[in-house]
Amino acid sequence: MKAKVIITPKPEVLDPQGKTVQTALEHMGCTGVGEVRVGKYIEIEMDGDADTVKAKLSEYADKFLANPNIEDYRLKLED
Amino acid sequence: MKAKVIITPKPEVLDPQGKTVQTALEHMGCTGVGEVRVGKYIEIEMDGDADTVKAKLSEYADKFLANPNIEDYRLKLED
Amino acid sequence: MSADPAITPELIAEHGLTPEEYERIQEIVGREPNFTELGIFSVMWSEHCSYKNTRALLKGFPVESPRVLVGAGEENAGILDIGDDLAISFKIESHNHPSAVEPFQGAATGVGGIIRDIFTMGARPVCAINSLRFGELDNSEVRRLFRGVVSGIAHYGNCFGIPTVAGEVYFDKSYEGNPLVNAFALGVLRHDQIARGAAKGVGNPVFYVGPATGRDGLAGAAFASQDLTEESAEQQRSAVQVGDPFMEKLCMEACLELLATGAVAGIQDMGAAGLTCSTCETAARGGTGIEIDLAMVPQRSPGMTPYEILLSESQERMLIIVTKGREEEVKRIFDKWDLPWAEIGFVTDTGQMVVKNHGVVVADLPASKLADDAPIYHREAKEPAYLSEVRSFTLAGVEDVEDPTEALEKLLEWPSIASKNWVYRQYDHMVRANTMVNPGSDAAVIRIKADSVPGGDDREDFPEKLVALAVDCNASHVYLDPYEGSKAAVAECARNLACSGATPIGTTDNLNFGNPHNPELFWQLKESVRGLAEGCTAFDAPVTGGNVSLYNQNPDGAIDPTPTVAMAGLVEEERHVTTQWFKEEGDAVILLGEPADTEDALQGLGGSAYLQVVHEAKTGQPPRCNLEIERTLGTTLLGLIQSDLVKSAHDCSEGGLAVALAECTFSDLEARNTPRFLGAEIDLSTVENVRLDALLFGEIHGRVVITTSELDAVKAVERAKLLGVPAQRIGTVGGKQLKLRTSTGEHHWEVVGLHDLWWNSIGNAMA
Amino acid sequence: MKFAVLQFPGSNCDQDCVHVLQNVLGHPTRLLWHKESVLGDVDAVLVPGGFSYGDYLRTGSIARFSPVMQAVKEFADQGGPVLGICNGFQILCEAGLLPGALIRNRSLQFRCEHVYLKVATQESPFTQAIPEGKLLRIPIAHGEGNYFCDAATLEELEARDQILFQYADRDGDVTDHANPNGSLKNIAGICNTARNVAGMMPHPERAAEEALSEDDGRLIFESLIAALNPASAPA
Ligand SMILES: Nc1ncnc2c1ncn2[C@@H]1O[C@H](COP(=O)(O)OP(=O)(O)O)[C@@H](O)[C@H]1O
Ligand SMILES: [Mg+2]
């Protein structure tokens, strides 16, 4: 099954990349742009049923895929 | 409204980052891991209704947010 | 092997082969080639791999000297002796078309490719340099390419852990849409560590190491060997190669470790034309044959055809021929570095390159004919029409400079002259702790210490060496006079080395030109090679290798002919290392060489940056380059440096004497945002019979600005004259201004203001 | 003094650290492969710069799971001195041996250049022998050196005098203009509360010889050596 981990910078963390994208969009004439945050998107093929995959991935997301000091994450499973 | 752009490496393109994460997960003892692909996740606050936002973002995703040579992208709107 | 297309004239043409070439192929094979074999011939006989249009010309290069251990064309890169059993291997290579299509990855994989060429020789890569050309920065597409290329080079080099210590960047309309990305790497080894790319020893197993093969970079060599069009680019877009510097670092460490075991009979990287080129070239060099089975090749994408596997240019892969019985050592070392490997075949005595897929023969071709018997063409050359216009240009209609103050400011701000810090600050130029002169002076200087040698060197007292590097080419001059301009490129490179205290020992060049089927463009190439050859001979710096990149054009025409020249030199002692910036208040400023050429009607202004910037004219005969004068200048300057007389040395190139002096006053950087300024008072009022614009901004060759202590000034001038180099004291270092007196008046600039324009120009354009 | 320099796949300043410790300063130094799980007989550990595992995912995120890092953790827990430089700093933060994290430079570009460092405290084995008021001129070379931690952590860092180095201008003033990457409080280096583990983004090993135009970096290594062996400390 395919699992997805979406990792975003915590709200209080400075996100220079997001800021740059925002400014660049404005410069290109894209109006009405508010805050932009840039994070990561990880797709993982994994054996097992939804519960096992979820359990495993939360473990590895907590300790490896995301850094809790600066990032939040969400898991999504596809079927 | 909040729009999300999910950017993933094209299937044919080498994804060294994904490969490295995959190997790392295996080394850490995470079993049953198949292919891993690492992409980007961009959240954009934007004024306007769904259609306008979608139209605008597709334009900029093509020419700026994603690299069409090596990346695919998907747009998602939240309400 | 169901769906192989039939061989039709159209298919042959699509593969870039002419009907005559196809006939020749039939003769060689003794039958109709199949689709896979046609693909193999098409890449091996592409310009990129076979040099079919340039081989005859390149024969004119000097390639010998007592230092040459491996000469041009023998292997992936040449090798030069630097004494005490040590040697260096270096080469430059282009990645122009891939960078036009995908700047970041194109440039990154260019760096990866040249690094592989160097460690394939058994050398540890210790530094990189690069030479770049783009259109003008007011175009957003140009900025995108420029940004992408620079960050791609930075990404690959920084992550791999090689310092990028020097380079050059020019901006000119002719490169719009067809940027030039020439990457250079240099490695170090002991004489006994030289590795060869030959398939030796019948029965020896052939190993594939590195990541799996994918559909990326399909037929990249062929792509590089045709005009860059929207169509060809589109095709290549579907096969962009992605570089993995981390993988390459592991691959290099593993290969060097493996070479040290002595278990390797031959080694070759998979660069252009991938598996095809590496198998047939190793067999050809070894005078043997080779047989591989594609089923054993690690594959990233399912369902790849033999054609695709053979022509893929997936990165970071190596082919290693192992002495039979020592396979375990390969496996142990590659496992240690967590690198994929596979045994894919063996060496034979048949002279054939036999490729099987699951045991079924898919290609069976004579290896040496494939590698060495590509057709050789002597293309037609015709002097370009534009040159008559160039020759008839005079200064008659050009008014002398009205406002020299503003002109100098404009020149310093011109991106081709402005500081390249926006570029080189993105490159790690200090990793390996060897960089003695960082980017920003005439040439970079690195030291070679024990850990620069593969596996280290445990000599009690390691004989440290100092190597200087520069890369140069004023392509405007080459465009206006390919022969003189090319000689001058060599001379400038040698001059830059001399300014840093080094004697040149070898050259590598990258010939970036347009379509060779156009007689006018081929004439440029021919004349340029003649000039380069004379230049390298004059400086006793043989060509040890290089690269040819033709078909550099876009719909608007060809690029300016750009033969980039990179030279390596040796500095004898640490105290000889010299930089371009002024050192102390009160030092004497001396000009070596003539302030002006009073016999030349254009007085050095033909093709100058000044004419381009202030009069928007890229025309006129560029200054002549007298190699005898250049050589004497070089040896004289070195003599002065070695007698400890010289405190700084900077040559005059684009922008002439005024720009050189300005750079001397402000180019020393203490730290981030902390330049050091040392002005000067310069008196040129005794120079007569020359226009002011020519005196300040003319670009005649053979000139270097040096400083000495007040005490040594007379001695230095006298000694230079004695050795046949015109020399005169022109001023004194000091103050916060650059003051310039001429027979017509006095001009002055605040150094801080000039620096600001020069330092920030490119950064501002990119903001 | 005996040093160990860790070596991860992708480390690229490992040799430079060995060179300085062994050839310049004359102390026996070993490279320690990441798959080793014992440190052996060492007095101090250096975690060198580079791009461990290509810096993929996040800088330092994979390296910290190497067997050798478990041993380093134990060594540090027992008070053994550990210095992380550049990627080493990133790894120590990821491993939780130091607080905070290093994120992308605010310019989004890699930066290689010399900076001036103000030594914020001499109360650490890494800074104790640096003369009072001495500004260090040392190069940086990183794309992700922007130090970040939450407000509570920062308060604690300051309260406990854990900030070792700050980017400064030539006059020693800690200004935004002097900040090359956007770090909080211009932080260039910190230590843990026990003061035996430190991390810094600048590369002292690249500034430890006159031949490379600068030897201020030596002071950091000499501090550490003197701290470990007070008898040999310069008077
Ligand atoms: N692409 C680059 N990469 C690294 N260093 C560069 C690059 N371009 C220019 N430099 C450095 O900037 C300085 C000035 O370059 P350039 O103007 O070409 O010098 P010169 O006219 O003396 O050949 C040199 O030290 C050169 O090595
Ligand atoms: Mg120069």
Side-chain angles (χ1 to χ4, degrees), chain B residues 3-48 52-75, chain C residues 98-106 108-109 112 140-141 143-145 147-148 151-152 155-156 159 210-218 233-251 298-304 308 312-317 337-340:
Chain B
K4 293 157 185 179
V5 190
I6 294 168
I7 299 168
T8 46
K10 282 191 178 169
E12 281 294 315
V13 166
L14 178 75
D15 175 19
Q17 176 151 239
K19 187 81 203 147
T20 308
V21 170
Q22 183 184 339
T23 320
L25 282 170
E26 284 160 3
H27 278 190
M28 288 175 199
C30 183
T31 51
V33 186
E35 196 180 25
V36 177
R37 311 282 290 175
V38 179
K40 264 185 268 174
Y41 178 84
I42 309 183
E43 272 178 10
I44 307 183
E45 274 298 342
M46 204 163 209
D47 298 343
T52 348
V53 169
K54 199 156 199 158
K56 268 200 220 170
L57 276 186
S58 333
E59 183 194 339
Y60 290 101
D62 270 332
K63 69 178 190 195
F64 167 62
L65 299 173
N67 177 347
N69 289 331
I70 50 176
E71 293 169 334
D72 292 324
Y73 74 91
R74 297 201 291 288
L75 288 182
Chain C
S99 304
V101 168
E102 164 48 41
F104 182 94
Q105 295 296 345
T109 51
S140 68
E141 177 59 14
R143 291 197 298 274
R144 185 184 73 86
L145 291 175
R147 180 176 285 119
S151 51
H155 165 69
Y156 209 100
C159 182
T213 297
R215 289 198 172 87
D216 37 357
L218 269 190
E234 192 47 51
Q235 209 175 0
Q236 208 54 23
R237 241 169 235 137
S238 60
V240 166
Q241 297 154 269
V242 170
D244 183 357
F246 169 57
M247 184 59 76
E248 177 136 312
K249 159 87 173 160
L250 302 187
C251 195
Q299 292 162 40
R300 204 171 74 230
S301 312
M304 288 181 73
E308 288 172 324
S312 160
E313 291 183 6
S314 288
Q315 297 286 304
E316 292 94 21
R317 303 174 302 158
W337 289 95
D338 293 320
L339 279 167

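Here the structure is a predicted model, which is why all the values come from computation and not from measurement. Note on naming: letters A, B, ... go to the chains in the order of the sequence lines (proteins, then strands), and numbering restarts at 1 for each one.
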Open item on the list: So, taking the atom named NZ in B:Lys19 and the one named CG in C:Asp244, what distance separates them when rounded to the nearest 0.5 Å?
Closed with: 11.0 Å
Open item on the list: Quick check: closest heavy atoms across C:Arg300 and B:Glu12, and the distance to 0.1 Å?
Closed with: NH2-O, 3.0 Å
- [ ] Check B:Pro16 against C:Gly243 and note the closest heavy-atom contact, atom names and distance.
- [x] CG-O, 3.9 Å
Task: Contacting moiety of C:Gln315, where chain B heavy atoms sit under 4.5 Å - done: neither
- [ ] Select one option (side chain, backbone, both, neither) describing which atoms of C:Phe246 are under 4.5 Å from chain B's heavy atoms.
- [x] side chain
Open item on the list: Would you say that B:Lys10 contacts C:Val240 through its side chain, given a criterion of any heavy-atom pair below 4.5 Å between the two side chains?
Closed with: no
Task: Minimum side-chain heavy-atom gap C:Asp216-B:Leu14 below 4.5 Å - done: yes
Task: Under 4.5 Å from a heavy atom of chain C, the part of B:Thr20 involved - done: side chain
TODO: Taking heavy atoms only and a threshold strictly under 4.5 Å, list by residue number the residues of residues 53-73 of chain B that touch chain C; give 'none' if the list is empty.
DONE: B:Asn67, B:Asn69, B:Ile70
